[in-house]
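In the text below, chain A, chain B and the rest are named by the order of the sequence lines, each starting its count at 1.
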Amino acid sequence: MTFDWKWDFVWEIAPRLAAATLNTLLAAGSGYAIALVLGLALALGQRTRWPALTFILRETLEFIRSTPLVLQIFFIFYVGPQVGITLSPWVAGMMAIGLHYSAYLSEVYRAGIEAVPKGQWEACRALNMTTRDTYARIVLPQAVPQAIPGMGNYLVGIFKDTPMLSVIGVTELMQTANAIGSETYRFLEPYTLVGVIFLALSLPTAGLVRLLERVLRRKLGM
Amino acid sequence: MELSAYPLELPPDDRPMVRFMNVTKSYGSLVVLDDLNLDIQRGEMVSVIGPSGSGKTTVLRMLMTLESINGGVIYIDGKPLTHMERKGVLVPADEAHLRRMRASIGMCFQHFNLFPHMTALQNCMEGPVQVLGLSKAEARDRSEELLKMVGMIDKKDQHPSRLSGGQQQRVAIARALAMRPRIMLFDEVTSALDPEVIGEVTEVIRRLVAEHDLTMLMVTHQMGFARDISDRICFFYKGKIEEQAAPEQFFTNPQRERTQQFLRAVKDAD
């Protein structure tokens with residue numbers, strides 16, 4: 001057995017992997033967008049005056065967090081059609097990722113909201129602001145910069161979880177590397193490249209998140 | 001007293017700006033205010049003093065509807081604040097009623113509670129624009145005028161983090177006044193300030209007392225200031241009004257043993 005790295009094979013498969021990288025970015029980006037919006041809705045939903053809603057949401061989130069993402073992907077993709085919801089692998093995958101991560105992001109939002117001092121809420125009440133304005137104009141603008149580091153961690157997390165979409169046939173990086181491997185019987189180069197690509201994308205993302213947090217805090221005068 | 005025994009409105013010849021009627025507040029078994037009866041007349045400046053834990057801040061917080069009450073009724077200008085009429089009797093107020101009634105009350109806090117992500121001017125404009133529905137131009141005019149009055153106009157574009165405590169508190173006063181309240185509440189507004197900047201805040205309040213017909217209720221630890229500007233001093237002790245009187249009378253000739261003890265203790269601390 002020798003270590004047999006072939007550069008010309010690397011150049012040959014690079015375009016295919018590059019195309020798959022775009023798909024991975026697209027899947028992670030759209031999943032994250034869903035999670036950002038849904039997570040906020042879930043966080044706010046837990047703060048309403050209806051204890052029943054709070055209870056249901058909290059238990060649902062607990063359930064989502066306690067079961068594997070891959071199970072949720074299978075469930076939406078394969079069980080969905082049995083109840084009349086047929087989705088393409090892409091849509092099912094993004095929904096599963098979005099739902100799964102919204103459960104985590106709702107916790108990040110919740111912590112950010114709870115970190116806003118009580119005095120801010122009281123000032124809003126003393127100014128007779130509506131609950132809606134209180135959240136939209138006072139609480140969330142202060143909570144979000146607090147939440148940015150946590151939100152950034154989950155962006156990297158989503159990104160690293162996209163290979164799970166290969167189980168339902170989404171042609172993201174992992175699926176493409178597998179395909180190349182089974183066509184050519186060479187696995188070293190495709191898998192190594194996948195690792196390098198993930199690393200090359202994750203590291204700058206973490207840096208950008210830190211930068212965004214700094215900029216946001218400065219802009220908000222904090 | 002049953003809620004049905006309270007009047008739906010106070011009679012026209014007996015309408016103080018604020019009336020606490022048999023108001024009780026407790027947290028679990030801890031009674032913070034016990035059967036409080038207190039009237040504040042239109043344009044009156046009342047200072048509430050007392051040892052910590054005597055319930056004095058709770059009086060203000062109930063009036064601002066930051067705290068619910070467990071018994072009794074609070075009336076504002078003859079109309080119930082904490083309750084509303086339903087089928088001829090009073091029932092606890094809903095949020096819409098509280099919002100309507102709260103519009104006539106403004107409050108300043110010990111820790112200012114300015115919005116950190118907004119400039120001084122934006123802090124003042126927020127309520128008038130979002131709540132009162134003023135145009136931005138109107139709100140800006142009103143806010144700049146008030147910032148001028150509190151001596152903060154040259155810092156109007158600064159965020160709170162760039163302002164000293166005294167400056168933040170003056171902006172907070174302008175912010176509350178921008179809502180044109182009829183009743184102003186000051187909750188220990190100088191307690192968190194460094195000694196050298198207390199004067200700039202008390203000076204603003206002095207001017208308010210002299211130049212406006214606001215009804216004011218102030219919780220303070222500054223006896224000299226309270227004595228100077230108040231029409232009446234209310235001394236709270238263990239959830240009750242132990243003694244109340246005009247400042248001269250209160251400070252020179254307190255009647256109750258506990259008042260005398262408190263004033264002695266405060267004097268020693270000075």
Side-chain angles (χ1 to χ4, degrees), chain A residues 40 43-54 108-151 209 211-222, chain B residues 57 60-61 63-67 94-96 98-120 122-133 157-163 168 171-173 175-181 183-187 192:
Chain A
L40 180 61
L44 294 179
Q46 287 181 78
R47 299 182 60 92
T48 57
R49 262 169 290 172
W50 304 297
L53 179 65
T54 306
V108 175
Y109 283 120
R110 202 173 64 105
I113 291 171
E114 277 169 12
V116 174
K118 220 174 114 231
Q120 294 290 308
W121 297 87
E122 295 183 347
C124 292
R125 214 166 150 86
L127 289 176
N128 215 3
M129 292 173 73
T130 58
T131 307
R132 191 199 146 115
D133 279 345
T134 301
Y135 274 107
R137 303 196 46 89
I138 307 301
V139 173
L140 290 180
Q142 294 180 59
V144 167
Q146 295 267 2
I148 292 269
M151 289 160 82
V209 167
L211 186 71
L212 177 67
E213 188 200 0
R214 264 211 308 279
V215 169
L216 215 55
R217 276 179 187 275
R218 194 168 45 231
K219 228 179 122 191
L220 296 176
M222 301 197 294
Chain B
T57 284
L60 262 59
R61 293 176 58 83
L63 198 48
M64 193 66 255
T65 68
L66 299 174
E67 306 272 354
D94 61 16
E95 189 57 31
L98 289 179
R99 272 184 59 85
R100 242 185 338 267
M101 295 301 293
R102 200 151 54 203
S104 54
I105 311 171
M107 183 165 180
C108 294
F109 301 88
Q110 182 178 357
H111 296 290
F112 336 125
N113 301 349
L114 289 179
F115 304 133
H117 57 301
M118 296 181 180
T119 64
Q122 287 167 338
N123 263 279
C124 294
M125 289 172 61
E126 183 66 13
V129 171
Q130 303 297 331
V131 181
L132 304 181
D157 295 321
Q158 299 285 352
H159 282 85
S161 56
R162 307 289 300 273
L163 302 176
Q168 288 190 56
V171 173
I173 293 173
R175 177 175 74 174
L177 290 174
M179 300 298 284
R180 300 264 163 95
I183 302 165
M184 270 293 282
L185 309 175
F186 295 99
D187 184 16

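For the side chain to side chain donor-acceptor pair (under 3.5 Å) with N128(A), the qualifying choice from R102(B), Q130(B), R100(B) is R102(B), the only one to do so.
Here the shortest heavy-atom pairing between F109(B) and A123(A) reads CE1-CA, 3.9 Å.
Within the 4.5 angstrom heavy-atom criterion, atoms from both the backbone and the side chain of L66(B) approach chain A. Interface remark: R61(B) contributes side-chain atoms only to the contact with chain A (heavy atom separation under 4.5 Å). Looking at T119(B), neither its backbone nor its side chain comes within 4.5 Å of chain A, counting heavy atoms on both sides. Q158(B) does not touch chain A: none of its heavy atoms, backbone or side chain, sits under 4.5 Å away. Neither the backbone nor the side chain of Q110(B) comes within contact range of chain A; no heavy atoms are under 4.5 Å apart. There is no contact between L132(B) and chain A, counting heavy-atom distances below 4.5 Å.
Rounding to the nearest 0.5 Å gives a distance of 10.0 Å between CG of N113(B) and CG of L127(A). Separation of atoms CD (E67(B)) and CD (E122(A)) is listed at 7.5 Å; rounding is to 0.5 Å.
Side-chain contact between R99(B) and T130(A) is present, with heavy atoms from C-beta onward closer than 4.5 Å. Between P116(B) and Q120(A) there is a side-chain heavy-atom pair separated by less than 4.5 Å. Using a 4.5 Å heavy-atom cutoff, the side chains of R125(A) and M107(B) are not in contact.
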